[in-house]
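The next block holds one structure in the form of structure tokens; read it before the comments.
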Amino acid sequence: MINHRKRASKVWPILARRALNKDKPLTYGELCNKIGLHPRSARYFLSVIQIYCNKRKLPPLQALVVNKKTGIPGEGYKGSGRNQKEHIEALKKVYFYKWPIKALVF
């Protein structure tokens with residue numbers, strides 16, 4: 001059985017550092033290459049992060065992962081609208097928040 005929570009815990013520090021450094025978003029492929037997975041798997045572990053952020057009323061940390069062609073998150077993303085303007089606004093909130101780097105246990 002695939003443990004998407006464990007994968008989310010592995011990805012959290014990568015995204016938290018990007019947010020704290022105000023680095024540009026990663027593509028699904030770039031993120032998955034960092035952890036040795038196929039890009040199609042991203043939707044599952046990113047949904048764990050999305051649910052975590054939603055429940056705690058945190059900015060959408062998963063906004064830091066985008067589609068290579070569109071530059072915005074994919075269909076499963078619920079952190080903001082899926083257009084450029086709303087995505088930029090969501091990123092501003094992500095960059096402003098003081099994220100803990102430590103990998104979380106989801």
Side-chain angles (χ1 to χ4, degrees):
M1 183 172 182
I2 298 170
N3 188 335
H4 298 297
R5 288 185 171 108
K6 185 174 181 179
R7 289 177 173 181
S9 293
K10 195 173 185 179
V11 167
W12 181 277
I14 296 168
L15 298 181
R17 280 188 193 93
R18 285 195 92 72
L20 292 169
N21 292 331
K22 297 177 178 37
D23 291 334
K24 68 178 183 140
L26 291 163
T27 65
Y28 292 104
E30 290 170 332
L31 177 61
C32 287
N33 281 339
K34 288 180 179 289
I35 60 171
L37 296 174
H38 191 279
R40 281 189 225 135
S41 65
R43 72 180 306 160
Y44 302 106
F45 60 78
L46 288 174
S47 73
V48 172
I49 293 172
Q50 178 168 269
I51 291 167
Y52 180 89
C53 290
N54 283 347
K55 283 184 178 179
R56 287 154 185 81
K57 302 201 184 318
L58 301 174
L61 186 60
Q62 74 281 5
L64 284 168
V65 190
V66 297
N67 178 287
K68 181 179 176 179
K69 291 179 183 172
T70 65
I72 58 173
E75 292 178 22
Y77 174 75
K78 307 288 186 238
S80 67
R82 289 185 52 243
N83 63 55
Q84 200 70 10
K85 182 180 177 186
E86 290 175 309
H87 184 241
I88 289 169
E89 288 304 312
L91 285 174
K92 287 178 186 176
K93 293 174 186 174
V94 169
Y95 292 141
F96 182 75
Y97 191 79
K98 301 299 178 206
W99 298 97
I101 296 291
K102 185 177 183 215
L104 301 179
V105 176
F106 297 95

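Owing to the predicted nature of the structure, the values given are computational and were not obtained by experimental measurement. Only this structure's heavy atoms are used, side chains among them; waters, hydrogens and symmetry mates stay out.
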Quick check: is [Y] connected to [X] through a chain of hydrophobic side chains (ILVMFWY, heavy atoms under 4.5 Å apart)?
X: Ile101; Y: Leu64; answer: yes
X: Leu26; Y: Ile35; answer: yes
X: Ile72; Y: Leu15; answer: no
X: Val66; Y: Ile49; answer: no

Taking the side chain as every heavy atom from C-beta outward, state whether [X] and [Y] have any atom pair closer than 4.5 Å.
X: Pro25; Y: Leu91; result: yes
X: Pro60; Y: Val94; result: yes
X: Leu31; Y: Ile14; result: yes

(Q) Strictly by side-chain hydrogen bond (donor to acceptor under 3.5 Å, both in side chains), give each pair with a member in residues 38-48 just once, sequence neighbours left out. (A)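 Of all non-adjacent pairs touching residues 38-48, none passes side-chain hydrogen bond (donor to acceptor under 3.5 Å, both in side chains).
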Distance (rounded to the nearest 0.5 Å) between [X] [atom1] and [Y] [atom2]:
X: Phe45; Y: Gln50; atom1: CZ; atom2: CD; answer: 13.0 Å
X: Tyr52; Y: Leu58; atom1: OH; atom2: CG; answer: 6.5 Å
X: Ile51; Y: Leu46; atom1: CD1; atom2: CG; answer: 11.0 Å
X: Gln84; Y: Ile88; atom1: CD; atom2: CD1; answer: 5.0 Å

Q: Can you run down the ring pair (Phe, Tyr, Trp, His ring centres under 6.0 Å) pairs that involve residues 54-98, sequence neighbours left out, and say none if there aren't any?
A: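 Of all non-adjacent pairs touching residues 54-98, those that pass ring pair (Phe, Tyr, Trp, His ring centres under 6.0 Å) are Tyr97-Trp99.
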Q) Which salt bridge (Lys or Arg N to Asp or Glu O under 4.0 Å) pairs, counting each pair once, include a residue from residues 66-90, with sequence neighbours left out? A)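 Counting only pairs at least two positions apart or across chains, the salt bridge (Lys or Arg N to Asp or Glu O under 4.0 Å) contacts touching residues 66-90 are Glu89-Lys92.
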(Q) Strictly by salt bridge (Lys or Arg N to Asp or Glu O under 4.0 Å), give each pair with a member in residues 2-22 just once, sequence neighbours left out. (A)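 Those involving residues 2-22 do not exist here.
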Q: Quick one: closest heavy-atom pair of Ala42 and Tyr28, and the distance?
A: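 In this case the closest contact between Ala42 and Tyr28 is CB-CD2, 3.6 Å.
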